[in-house]
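To start, the structure under review is shown below, and the notes come after it.
Whatever order the structure lists ligands and atoms in, that order sets their numbers, starting from 1.
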Amino acid sequence: MTKTLAVLGSTGSIGVQALEVARLSGFEIEALTANSRTDIIEEQIREFNPRVAAVADEKAAADLKIRVADTSTKVLSGAEGVEECARCGADTVLNSIVGIAGLAPTLAAIENGSNIALANKETLVAGGKIVMDSAAEKGVAILPVDSEHSAIFQSLQGCHGKNQIKRLILTASGGPFFGKTREELSKVTLEQALKHPNWSMGAKITIDSATMMNKGLELIEAAWLFGMKAADIDILVHRQSIIHSLVEYVDNSVIAQLGVPDMRIPIQYALTYPDRFVSPVKQLDLAEAAMLTFEKPDYETFACINLCRKAFEQGGLFPAAVNAANEKANELFREGKIGFLDIPKAVEAAFDCVNAVSDYTLEQVFETDKTVREATERLFI
Ligand code: NAD
Ligand code: MG
């Protein structure tokens with residue numbers, strides 16, 4: 001039987017690649033959503049003929065309604081429209097929305113019983129406990145799309161119990177600035193930060209890779225996905241992005257997943273798991289790669305990694321706070337309003353904006369997000 005799929009954030013870097021995978025694997029598309037790019041989503045609607053589509057921006061949604069009036073796709077608008085698409089009942093809902101805007105749609109899809117293919121890591125960082133509890137209660141799977149987490153998930157196939165795992169090792173490319181000093185980082189430009197050595201991605205995550213906040217967010221993501229303590233997750237800089245992550249077992253045997261840096265591999269595995277299908281992705285040629293290198297991260301210069309580790313260890317709303325500070329600072333940096341090193345500064349300042357709590361509600365996550373964004377803005381402007 002044909003599997004049905006919804007792609008939230010279908011106009012983005014991951015969304016477009018997810019539709020390419022869906023096209024080749026013959027998925028039926030139930031729903032598509034975007035923030036504003038009506039030209040791209042119009043084309044996608046014409047090709048995939050989804051039952052429903054949504055555009056978060058109200059004006060853009062009105063534009064899309066006119067553009068696709070001759071099709072049978074129902075067009076919804078606003079954050080509620082995106083959530084309704086998440087509730088479309090597809091077998092799998094792939095969430096590739098960027099930022100905390102993905103949290104409510106992830107929960108809506110889980111509540112409606114769809115499996116989640118998750119690219120939107122901010123969802124797990126900000127609301128990890130709520131998302132994982134809700135998925136367990138509904139009996140739905142959260143399949144990682146993030147390449148490191150897909151690598152760990154693949155390396156865990158055949159594992160006979162969590163007590164056999166010693167640690168997870170997340171690899172990091174190090175981004176465009178690995179090896180630079182703080183002094184050098186204080187002068188980097190937006191253009192330099194947007195030049196990732198190995199991956200072509202959306203602007204927000206590309207900046208997160210340059211600050212290595214991305215690895216901090218991924219550490220929290222891995223802790224929730226695989227039920228690990230932060231202390232049992234290590235980071236290893238591997239500049240070539242060929243080994244996507246590793247699992248060390250108690251007998252010191254290490255299992256890793258390798259491949260060329262192409263997101264269509266982890267996207268496809270999340271959609272076709274437990275099966276594997278032929279892929280158009282380039283074959284890995286290790287002789288051509290010739291050398292794989294490994295180094296320790298420079299935790300002092302790239303302070304965001306350990307700030308995320310600390311936030312996860314302190315628990316409660318601290319991860320939501322560091323995520324919000326980073327989202328806001330990342331945006332201000334892309335707007336040319338703050339410097340590169342102001343991003344870790346903002347993330348550190350977020351710890352003063354929240355109190356320790358042992359349990360939290362979704363409302364508190366959104367409240368924390370709002371308070372910390374405002375505080376971050378006040379820090380600089
Ligand atoms: P992107 O900026 O290219 O695309 C983001 C998508 O989200 C777009 O379709 C956009 O329309 C939509 N969107 C943005 N704001 C929205 C809002 N307020 N409401 C609804 N929709 C909104 O981003 P991307 O690079 O594809 O990344 C998406 C997610 O996947 C991020 O969480 C990122 O960390 C994660 N991720 C990306 C990559 C990658 O290779 N690009 C790899 C691993 C993980
Ligand atoms: Mg990643």
(request) Working to the nearest 0.5 Å, report the span between CG of Asn115 and OH of Tyr273. (result) 10.5 Å
(request) With heavy atoms under 4.0 Å as the rule, classify the contact between Ala56 and ligand 1 as side chain, backbone, both or neither. (result) side chain
(request) Could you see which bit of Lys204 sits under 4.0 Å from ligand 1, with heavy atoms only: side chain, backbone, both or neither? (result) neither
(request) Output yes when Asp63 and Arg67 qualify as a salt bridge under the 4.0 Å nitrogen-oxygen rule, no when they do not. (result)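 Yes.
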(message) Please determine whether a side-chain nitrogen of the Lys or Arg among Glu218 and Lys215 lies less than 4.0 Å from a carboxylate oxygen of the Asp or Glu.
(response)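 Yes.
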The Mg ion (ligand 2) - name of the N/O/S atom of [X] that sits closest to it:
X: Glu218; answer: OE2
X: Glu148; answer: OE1
X: Asp146; answer: OD1

(request) May I ask whether Met201 and Val125 are part of the same hydrophobic cluster, defined by side-chain heavy atoms of I, L, V, M, F, W, Y residues being less than 4.5 angstrom apart, directly or through others? (result) no
(message) With heavy-atom distances below 4.0 Å as the criterion, list the atoms of ligand 1 near Thr11.
(response) 8 (C), 9 (O), 10 (C), 11 (O)
(request) Could you list the atoms of ligand 1 found under 4.0 angstrom from a heavy atom of Met263? (result)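 Under 4.0 Å from Met263, ligand 1 has these atoms: 40 (O), 42 (C), 43 (C).
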(request) Scan side-chain atoms only and decide if Glu137 and Ser134 contain a donor-acceptor pair under the 3.5 Å cut-off. (result)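 Glu137 vs Ser134: no donor-acceptor pair found between side chains.
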(message) Does either side chain, that of Gln44 or that of Ser10, offer a donor lying less than 3.5 Å from an acceptor on the other one?
(response) yes
(request) Could you tell me whether some N/O pair between Gly15 and ligand 1 is separated by less than 3.5 angstrom? (result) no
(message) Polar contacts were defined as any N/O atom of the residue lying under 3.5 Å from an N/O atom of the ligand; does this apply to Ser36 and ligand 1?
(response)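 No.
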(request) Report the C-alpha distance between Val140 and Ile110 in whole Å, list the side-chain angles of each, state the deciding distance to 0.1 Å, and finish with yes or no for side chain to side chain contact (heavy atoms under 4.5 Å, CB included). (result) CA-CA 7 Å; Val140 307; Ile110 293 173; 3.8 Å; yes
(message) If you take the nearest heavy atom of each of Asn120, Leu8, Leu124, Asp146, which one is closest to atom 44 (C) of ligand 1?
(response)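 Minimum heavy-atom distance to atom 44 (C) of ligand 1 goes to Asp146.
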